[in-house]
Each structure stands twice: as C-alpha cells, then as structure tokens.
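To start, the structure under review is shown below, and the notes come after it.
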Amino acid sequence: MLILVINCGSSSAKYQLFNMNFGKALAKGVIERIGQKNSGCKNHYRAIALIKEKLLSGRKPILKSVGDIIGIGHRVVHGGESFSEAVIIKKPVIKSIEKMIELAPLHNPPALSGIKACSKLFPGIRQVAVFDTAFHQSIPPHAYIYGIPFGFYKKYKIRRYGFHGTSHRFVANEAAKRLKKPLGKLKIITAHLGNGCSMTAVLNGRSVDTTMGLTPLEGLLMGTRAGDMDPAIVPFLMKKENLSVSKAEELLNKESGLLGVSGISNDMRDILCYIRKGKKRARLAYDIFTYRIRKYIGAYAAVMKGLDAVILTGGIGENMPELKRRLLGDLRPILGTKIKFLTIPTNEELLIARDTYRLIKTKK
Ligand code: ADP
C-alpha cells in the first residue's frame with residue numbers, strides 16, 4: 001500500500017513515499033536547483049526520473065519495483081473554482097490546471113510538468129491532484145468577492161481563493177483529535193506561519209475565511225511578501241519610482257515583508273537574533289508580524305461568533321514558543337481562559353497521501 005507524494009515547485013521537486021498501512025513515510029527527499037546552471041537536473045522530467053532512480057537503487061532499495069506504488073499524489077497550488085476537493089487526474093483535470101496558470105504562473109506549470117513526467121515514468125499508476133485552494137472553496141461570497149466592479153469576477157474570476165489549504169485542513173483535524181471534540185462542532189483559527197503565512201477561520205470543519213486572496217500576497221506580513229496594504233500604494237510607487245508592472249510585482253513579493261521592513265533578513269531566526277542585538281527595525285518587523293496575527297484572531301473570532309482554539313503551525317508557528325506566549329498574554333484578557341492555543345506540526349504530504357489513497361481505493 002505505497003503512495004508516492006510529489007510536490008513540484010519552480011526549481012525543486014520534493015517527494016515522500018508513504019506506507020499507508022502505517023501512515024508512515026518510508027523515504028523522503030528533495031531535488032533542488034532544477035533548471036539552474038551546472039545543477040545536473042535540467043527539468044522536472046529529469047527530477048522525477050532521479051526520484052525514481054533513488055527509490056529503486058542502492059544496496060537496499062526502498063522499492064523492489066515501480067508497480068509496488070498504488071498511487072501518486074501531487075500538490076497543485078491553484079485549482080480555481082473547479083475543485084473543492086482532491087481528484088483523480090484525467091485529461092479534463094489537466095486542462096483545468098492549465099487554465100489556472102494565469103493565476104498561478106509560478107506554481108501550476110511545475111506541478112503540470114511533474115504530473116506529465118509521472119505518467120511517462122510510472123505508467124499505469126493512477127495520479128491524484130490535491131489543491132491548496134480546495135479547502136477554501138467553502139468560503140461564502142461575502143468573504144470572497146472584492147469590492148471592485150462585479151464584472152471583473154465574471155470576466156477574470158478575480159476573487160479570494162486562499163492557499164495553504166492542505167495545511168489548514170490537516171492541523172484543524174489534528175486539533176479536533178487533541179481537543180477530543182468533533183471538528184464539526186469547533187470554531188478554530190489556524191495560522192500557518194512559514195516563509196509564506198496565512199490564517200484561516202475554520203467553522204465546524206469548513207474554511208469560512210482566509211487571509212490570502214487571489215494570490216498568496218494578501219494578509220499577514222510574510223518573509224518577503226507585503227501582505228495587507230492600501231492598493232493605492234501600488235500605482236503611487238509605480239509612478240514615483242517609474243516601476244514596470246513586473247518590477248512592482250517583484251517588489252511586493254520578493255523585497256517586502258520581514259525583509260523589506262527590517263532591511264536585514266526574511267528569516268525569522270535572523271530577525272530574532274537582531275532583536276537581541278538591539279536592532280530597532282528587526283523589532284518593528286516582528287511587531288508588525290505579531291500585530292497582524294492578533295488582529296486576524298480578533299476578526300475571525302467575530303466572523304465565527306466565538307472561538308475554541310488557535311492553532312500555530314509552519315516553521316515559525318511550530319518553533320517559536322515566545323510567539324505563542326505573546327499572543328496568549330495579549331489575548332487572554334479578551335478571549336478568556338477557555339480558548340486553547342495549540343502548536344501542531346503540519347504534514348501536508350501525509351494528508352495528500354491520505355487523499356490519494358482514499359480516492360484510489362474508492363474510485364476503481
Ligand atoms: P516554507 O513556508 O518555505 O515551508 P517553513 O515552514 O520551513 O517554510 O518556515 C520557514 C520559517 O520558519 C523561516 O522564517 C524560519 O526562520 C522559521 N523558523 C524555523 N525555525 C525557527 C525557530 N526555531 N524559531 C523561529 N523561527 C524559525
């Protein structure tokens with residue numbers, strides 16, 4: 001009962017092989033620098049071929065034969081409005097993922113390359129797409145429609161989609177287990193805090209609002225992404241600094257966030273280190289980061305008309321007890337002592353493996 005999980009990014013391909021009898025990873029790894037000079041891996045096809053070689057080679061190969069794998073699960077970032085759950089990949093699914101390239105130009109093409117490579121390198125093995133956006137398809141229109149002329153939603157499908165859905169869904173489920181209550185009866189806020197950061201209001205097991213929007217740029221302050229801001233800043237800066245559209249996009253996605261404010265680093269460990277050395281702008285970046293989390297906790301408690309638990313996950317959420325202490329200190333006087341603050345490690349790959357296994361078992 002082996003499931004291979006593939007997560008293709010623009011220059012990397014991560015993989016994990018799960019034994020579903022135990023829900024355990026037997027092997028995992030990453031092929032990096034795909035397509036870069038002197039990397040020895042010129043494209044995603046080659047990366048998947050390397051993964052196959054790794055699994056089949058060595059003195060004690062993990063796989064005796066490719067046929068031991070019963071399914072391959074792919075992380076796909078953007079499923080648009082077409083997918084509210086994982087699906088078995090067939091031609092129309094590929095067409096839909098291709099259509100969403102416009103909204104996820106960096107993410108959907110490598111996922112497609114991974115899928116196409118797998119169909120050649122693992123022939124006959126069924127593949128499943130698990131979308132980052134799917135969990136958020138339950139968000140109601142009043143939370144996903146932006147206040148711009150409605151025609152643009154019709155014409156270009158401009159709306160809030162939300163991302164990190166697999167992670168939010170995974171930790172919300174784990175939280176219900178830890179709280180020993182059915183997920184269907186809980187009001188949970190999940191905060192995925194990694195390089196990219198997003199928060200979700202999970203009401204009775206369904207996402208009802210999330211901080212990321214049409215793209216992963218909206219919401220919290222992130223490593224290099226600006227998050228919420230007055231949209232008028234963009235044309236203002238474009239005029240003043242004579243920026244092209246692509247330069248403006250780069251500024252907001254790659255030069256902003258913790259990096260832009262601190263002027264030092266996009267990495268929270270560095271920010272903490274510089275705060276200890278007394279660097280004021282590192283402190284300011286950290287303060288903006290935590291302030292926005294606090295603000296959204298308040299907002300989402302109001303959205304759900306109550307709150308049972310706040311879950312922290314991702315590299316920052318899982319490893320920064322001082323963040324939890326600070327949020328607790330700030331919010332306990334308002335929220336009371338019944339609200340639980342839990343740190344739960346995310347495991348998107350395991351959920352992708354479970355979705356893949358479930359679909360392959362039930363849909364012959
Ligand atoms: P990605 O979104 O790329 O998967 P991760 O979830 O691994 O990223 O999170 C990366 C972030 O986690 C970085 O900002 C890193 O500094 C932060 N991080 C990792 N370990 C710690 C730690 N011990 N304390 C604070 N932040 C940490």
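For ligands, and for the atoms within them, numbers begin at 1 and follow the listed sequence.
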Does NZ or CZ of R159 fall inside the cone over Y161's six-membered ring, less than 6.0 Å from its centre and within 45° of the axis? yes
Do I344 and E318 touch side chain to side chain, with heavy atoms closer than 4.5 Å? no
Name all pairs fulfilling the side chain to side chain donor-acceptor pair (under 3.5 Å) condition that reach into residues 183-210, sequence neighbours left out, sorted by first residue then second. H136-S207, H164-S198, S167-H192, H168-T190, H168-S198, H168-T200, T200-T210
Which residue owns the protein heavy atom closest to atom 7 (O) of ligand 1, what's the atom, and how far is it? G315 CA, 4.2 Å
Would atom 4 (O) of ligand 1 count as contacted, meaning some protein heavy atom under 4.0 Å? no
Hey, are the side chains of I297 and L335 touching, using non-hydrogen atoms and a 4.5 Å cut-off? yes
Can you find an N or O of L272 that's nearer than 3.5 Å to an N or O of ligand 1? no
Looking at M320, which atoms of ligand 1 are within less than 4.0 Å of one of its heavy atoms? 24 (N), 25 (C)
Check whether more than 12 heavy atoms from other residues, nucleotides or ligands sit under 6.0 Å from atom OH of Y357, and answer yes or no. yes
Considering only the protein, which heavy-atom contact is closest to atom 20 (N) of ligand 1, and what is its distance? N319 ND2, 3.6 Å
Could you name the option among N266, N195, L258 that has the heavy atom nearest to atom 8 (O) of ligand 1? N195
Nitrogen or oxygen of M268 less than 3.5 angstrom from that of ligand 1: yes
Kindly indicate whether a cation-pi arrangement holds for K157 with Y153, taking the cut-offs as under 6.0 Å to the six-membered ring centre and within 45° of the axis. yes
Pairing donors with acceptors under 3.5 angstrom, does anything connect the side chains of Y146 and E218? yes
Give the residue and atom name of whichever protein heavy atom lies nearest to atom 16 (O) of ligand 1, and the separation in Å to one decimal. D267 OD1, 2.3 Å
Among all the protein's non-hydrogen atoms, which is closest to atom 11 (C) of ligand 1, and how far away is it? I316 CG1, 3.7 Å
